[in-house]
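To find a chain, count down the sequence lines: A is the first, B the second, and so on, and within it residues start at 1.
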Amino acid sequence: MIRQYVDATRFPAVFMAVRNLSRSRLRSGLAGLGILIGVVAIASLGMFGNVLSLGADDALGDIGNQVIVTPNADGGIDTIEESTVTDIRRAIGDTPAVPLRTGGGLVEYGGASTATTIYGIAEPAAVYTAADGRVPERHRQGALVGASVAEQLDVRVGATITVDGQTHRVVGILEEVESFSPFSPNDAVMLPEDAVGDGSGYDQVTIEANSGEEAAAAAAAIEATVNDREERVDIFELSSITDEIGSFFSLLNSFLLGLGGISLLVAGVSILNVMLMSTVERREEIGVLRAVGVEKRDVMRMILVEAALLGVIGAAGGVVVSVGLVGLLYLFAPVDLWILLHPTNVLYLLLAFTIGVAISVISGLYPAWNAANERPVDALRS
Amino acid sequence: MPAIELRAATKRYDTGGEVVEALSGVDLAVERGEFVSIIGPSGSGKSTLLNLLGLLDSPTTGGVWIDDSNVTDLTDEEATLLRREQVGFVFQDFYLLPTLTAVENVTVPTVFTQGPPATDRAKSLLSRVGLADRLSHLPTELSGGQKQRVAIARSLINNPQIVLADEPTGNLDREIGTSILDELRRITDNGVSVIAVTHDELVNEYADRVVELVDGVWQ
């Protein structure tokens, strides 16, 4: 039993509090249960919201970091000139800009064929990584095959494929890109620049920034310099949209936390009620404590420790239950493990635990103050 | 020099417009080792008197003196500390904490203080009142007389000068009451003053002095 483990001489308030709580186990248990439920509400709703938000972030991937520059077709411009690419690079400084040519055509291998997008790209390594083989820094020869195309045609590194009537050796299979992107490489084949189009100008420049802010700044810089005199290019940039999606999820999260907070508040009221009832019932006992020389602050401390213990036990149970619920989420919902194990989820657990204990202590303040300040003469007058 | 003194103590209560005078200029001096029994009908002011002596309440006028020092208007904290060191209480209803064993109940006045545990002293006090074999019993496992012995041991844990007993035999039959009074009589041998408030004629047989209070004045 717990009573043996509490040292009366070092932690007298804890010693007395444990004894008092063990006196009415059912009532203490129910009060702790209230806190448990409140903590579960905050922790699980908070973590579910967080998991949603992390999952959405993951699905959107780096799209917010990309700026896609295309020729201003409405202005009658159908290619991006070499000089425009130079202007773009000058405008954005160190951020990598990858110009590419696009086309479409039939890819054939071993009797099978499929229609794909064909990109002519000089520096694919800046944007893409290989699942197999390698992605060259400077793309002079050979083909890089997108994941879906490779799977469809059963192409491996070293095979020779026919693209638009010309043969190319496959030097790399690209890693599958899961996130949503307007220019997915999965269904594409990448060739050297010169192998696509008529050999001058580009159809698109992709800029890979490290953050949404950098992407927005790059877009603004291009708008201010390259499009200064003449609308030469269209600029497509998604960071503002991903920002809005992000703020939607943080709103959703605060809403869920608010719901959890309400249930914890209710639990706090139940602790207040239990502590008040228990101090009223123990009125004479507390009066005796005061009469035999126990100071006000010790009585107050003792009752606060009782409330805190209820809170700690309830909140610890709540954390355990919440972890279990998140485990169920992993079993029954298509959520990646790394999202569930993300450190921010632990933060929600800690937050819920702390709020649970804090609410219990705050709820104990009034009963403790009330009991400690009653005059022993009044408490003992039967 | 008296161990404890009331000097012209008057206590008035304001009960909703009507002022009731529970004590009217009462003097009382109790010497060291003296056993004083205070008798009187209900409402005579006995409990008020005991509350003043026990520093649980202050007189409206007049004063309380312990060892020739004025303790009339102490702060709550000062009064609490003085109660702990100088005054032991024995109540009619024993007022033991139901969650604590006999030994733990005896140590209660020392639990919240600094220093080593008073457990050994509690055990020897319990042995002295004949409860050596009941040390780790809970109050529910003790008879009325045993509970009152635990309460007497508790009142002595800090070596007080004064023990105040409020109807100490009120809930006990005559035989057990006698044994409790024997215990109280015995502690006066160590120089402790015992002041008992009672209806019980039996108490008077053990007291050095019996005083009667009627309507807030000595009879």
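With a 4.5 angstrom heavy-atom cutoff, Phe89(B) touches chain A only via side-chain atoms.
For residues 52-80 of chain B, heavy-atom neighbours of chain A at less than 4.5 Å comprise Leu56(B), Asp57(B), Asp76(B), Glu77(B), Thr80(B), sorted by residue number. Residues of residues 288-295 of chain A that come closer than 4.5 Å to chain B, counting heavy atoms only, are Val288(A), Leu289(A), Arg290(A), Ala291(A), Val292(A), Gly293(A), Val294(A), Glu295(A), ordered by residue number.
When the options Ile39(B), Leu164(B), Leu50(B) are evaluated for a side-chain contact (heavy atoms from CB on, under 4.5 Å) with Val197(B), the one that passes is Leu50(B). Each of Leu341(A), Ile339(A), Leu340(A), Asp336(A) was checked for a side-chain contact (heavy atoms from CB on, under 4.5 Å) with Tyr330(A), and the lone residue meeting it is Leu340(A).
Closest approach of Lys147(B) and Pro139(B) over heavy atoms only: CE-O, 3.3 Å. When all heavy atoms are compared, the tightest approach of Ser322(A) to Leu349(A) is CB-CD2, 3.9 Å. The two residues Met300(A) and Trp369(A) come nearest to each other via the heavy atoms SD-CA, 3.9 Å.
For the residue pair Asn253(A) / Tyr348(A), a side-chain donor-acceptor distance below 3.5 Å is found, with atom types taken as modelled. Between Glu18(B) and Thr15(B), the side chains place no donor N or O within less than 3.5 Å of an acceptor N or O (distance only, hydrogens not considered).
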Pairs under 3.5 angstrom only: tabulate donor-acceptor contacts from the side chains of residues 303-315 of chain A to other protein residues two or more places apart or in another chain.
unit_1    : atom_1 : unit_2    : atom_2 : d
Glu306(A) : OE1    : Arg282(A) : NH2    : 2.8
Glu306(A) : OE2    : Asn20(A)  : ND2    : 2.9
Glu306(A) : OE2    : Arg282(A) : NH1    : 3.1
Glu306(A) : OE2    : Arg282(A) : NH2    : 3.3

Please table the atom pairs, donor to acceptor, closer than 3.5 Å between any side-chain atom in residues 263-272 of chain A and protein atoms at least two apart or in another chain.
unit_1    : atom_1 : unit_2    : atom_2 : d
Ser263(A) : OG     : Gly260(A) : O      : 2.7
Ser270(A) : OG     : Ala267(A) : O      : 3.3

